[in-house]
Amino acid sequence: MNFSKFLSRAATGTILPLLLLGAWHYAASRPGTLVPTVSDVCRIILQPAAKPESIDTPCLGFSALVSLTRVGLGYLLAVTLAVPLGLLIGRNAAARAAVSPLVTMLRVVCPIAWLPLAILLLGVGNLAETIWGIPAAYRHKLLFEIQPAMVFIICWGAFFPILLATASSAHAVRKSLLENAWLLGAGSWSLFRHVVLPHSLPSIVSGMRIGLGISWMVIVAAELYPGTRSGLGYTIWVSQDTVQYQYTFAAVFYIMAIGLIINGLLWFLEKRLGHWQAEVV
Amino acid sequence: MPNEPDLAITFHEVAKSFTNRDGQKCQALKNFTVSAESGRVTCLLGPTGCGKTTALRILAGLEKCDSGYFSVNATRNADRSPALAYVSQQHTLLPWLRLEDNVAFPLRLRGVSKKERRRAAGAFLDKVGLAGKERLFPHECSGGMRQRAMLARLLATGAGLWLLDEPFANLDEKTRFVLEDTLLALIRENNISALFVTHGIEEAVYLADRIVIMSPSPGHVVANVEVPLPRQRDRLSSEFSALMETIRENLDSAILAG
């Protein structure tokens, strides 16, 4: 019974995507249109390692890898900075008073708006050349596609959701739990380790999920900027310029698929870590 | 009573006030002088707002008194005395830990090995009637089971003095009766001194060796009543009802006078 319920719900959920696909097919079949056919796009999607015929970009698989690496580096940096800072301002009133106004000011600006500033500070060069000084003769392909300025704004985009989720949950620990753990003999480190941290963990992961979503959106826009030679966003811009929309559609599909997978993994982790929150609901 | 040599807890002319959001001062305790003998159950009985909870929180070190002093096992104004353990109305089990890990939490803080913790937690849970429930999380338990687990954690602290702040107030009557008997058995077996806060007259008469009747605004002691009834007490006996009636009159007149 449960399974049939699941099936009928899944079937209901596929109606709108199928309608959209139909509309696309209709649009592509009209004479003189630039809209690529469904089958063209599918063919390109299924060949991630094939060098595009009509545009000058790396294969889609490599583009995805480049985008993922940029996002991964910036995102890891964001997590590394935002989680400890969030815990600090969640638990410490002085730190909160000092940091909150600046955070509020900075976070309302779209991450992309900081890209010119990032380029000004960090240049358009790539990680391998500008930071590590590896001569181009020894070029390792991937490292030469990673620009610090992009990593910076990815980090920027993910930083604030993680910071806010961490800080608010660290702030919201039930007072009686802290008092009781203190009475049982816990010192400040134990209170943090055994009460504040486990309490905040599900919210931290939830913030990480939101932050990653933003990073993944920011990268597409960031790859429009100078110094880029690859990436899914770059593929989108180049294919648009050269009117090769089948690659635009294929790149969008890759962005969607990768985003869904990452989101799903973090969602799963969030549910695993937060199973005890059933009490609150 | 004041000549009793072995006092676990004493309050001497303790005063405590709070300032509320509107800046008004609220006197929670005034001239509060109470003692509790070792190895006995002393109940603080009074209506809401008479400072019962404040008194326990002062003992536990969660509040500071404005004037006067208290002592725990003859140590004055002890800050977080390891001889004390505290249970509140709302359970304070850590929601992300299984019952066995919750019960063993005090041991973990003391650096006891995992294997030893598991063994001890199992034994304590067994004592409170939760054998086989070690792996459950608090949200999977009924209110009664959670308070049982709280009692098991009390045992794990190894403290000889239990502060119990309306621990059974959220439970249905039948569950409460069973837990009251569990509590009394644990107290007897482990030679515990207990200070039990309640607003229930019947609960006080059933549990206490001595009842301290309190009255609100500001919280102070109205009367001390010894409970001479033998254990196991019968809630339906005429002596039980007579004592309840005496205490009710005491409470009523105190409230009218206040």
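Protein chains get the first letters and strands the later ones, always in sequence-line order, with residue 1 at the start of each.
Neither the backbone nor the side chain of B:R110 comes within less than 4.5 Å of any heavy atom of chain A. Neither the backbone nor the side chain of B:N102 comes within contact range of chain A; no heavy atom of the residue lies under 4.5 Å from a heavy atom of that chain. Residue B:A85: no heavy atom, backbone or side chain, is found under 4.5 Å from chain A.
Atom CG of B:D101 and atom NE2 of A:H194 lie 11.0 Å apart (nearest 0.5 Å). Summarising the geometry, atom CD belonging to B:E140 is positioned 8.0 Å from atom NE2 belonging to A:H275; distances are rounded to the nearest 0.5 Å. For the atom pair CD of A:E179 and OH of B:Y86, the computed distance is 7.5 Å after rounding to the nearest 0.5 Å. The distance from the CG atom of A:N180 to the CG atom of B:L62 is 8.0 Å, given to the nearest 0.5 Å. To the nearest 0.5 angstrom, A:L197 atom CG is 9.5 Å from B:W96 atom CH2.
At most 12 non-hydrogen atoms from other residues, nucleotides or ligands lie less than 6.0 angstrom from CZ of A:F268.
In terms of heavy-atom proximity, B:L109 sits nearest to A:L184 at CD1-O, 3.6 Å. Looking at every heavy atom in both residues, A:A181 comes nearest to B:F105 through CB-CE2, 3.9 Å. In terms of heavy atoms, B:H91 sits closest to A:R174 at O-NH2, 2.6 Å. Between A:L177 and B:P95, the closest heavy-atom pair is CD1-CD, 4.0 Å. The two atoms that bring B:R80 and A:A186 nearest to each other are NH1-O, 3.0 Å, heavy atoms only.
In terms of heavy-atom pairs under 4.5 angstrom with chain B, the leader among A:L273, A:L183, A:L201 is A:L183. With chain A as the partner, the residue from B:V87, B:L94, B:L84 showing the most heavy-atom pairs under 4.5 Å is B:L94.
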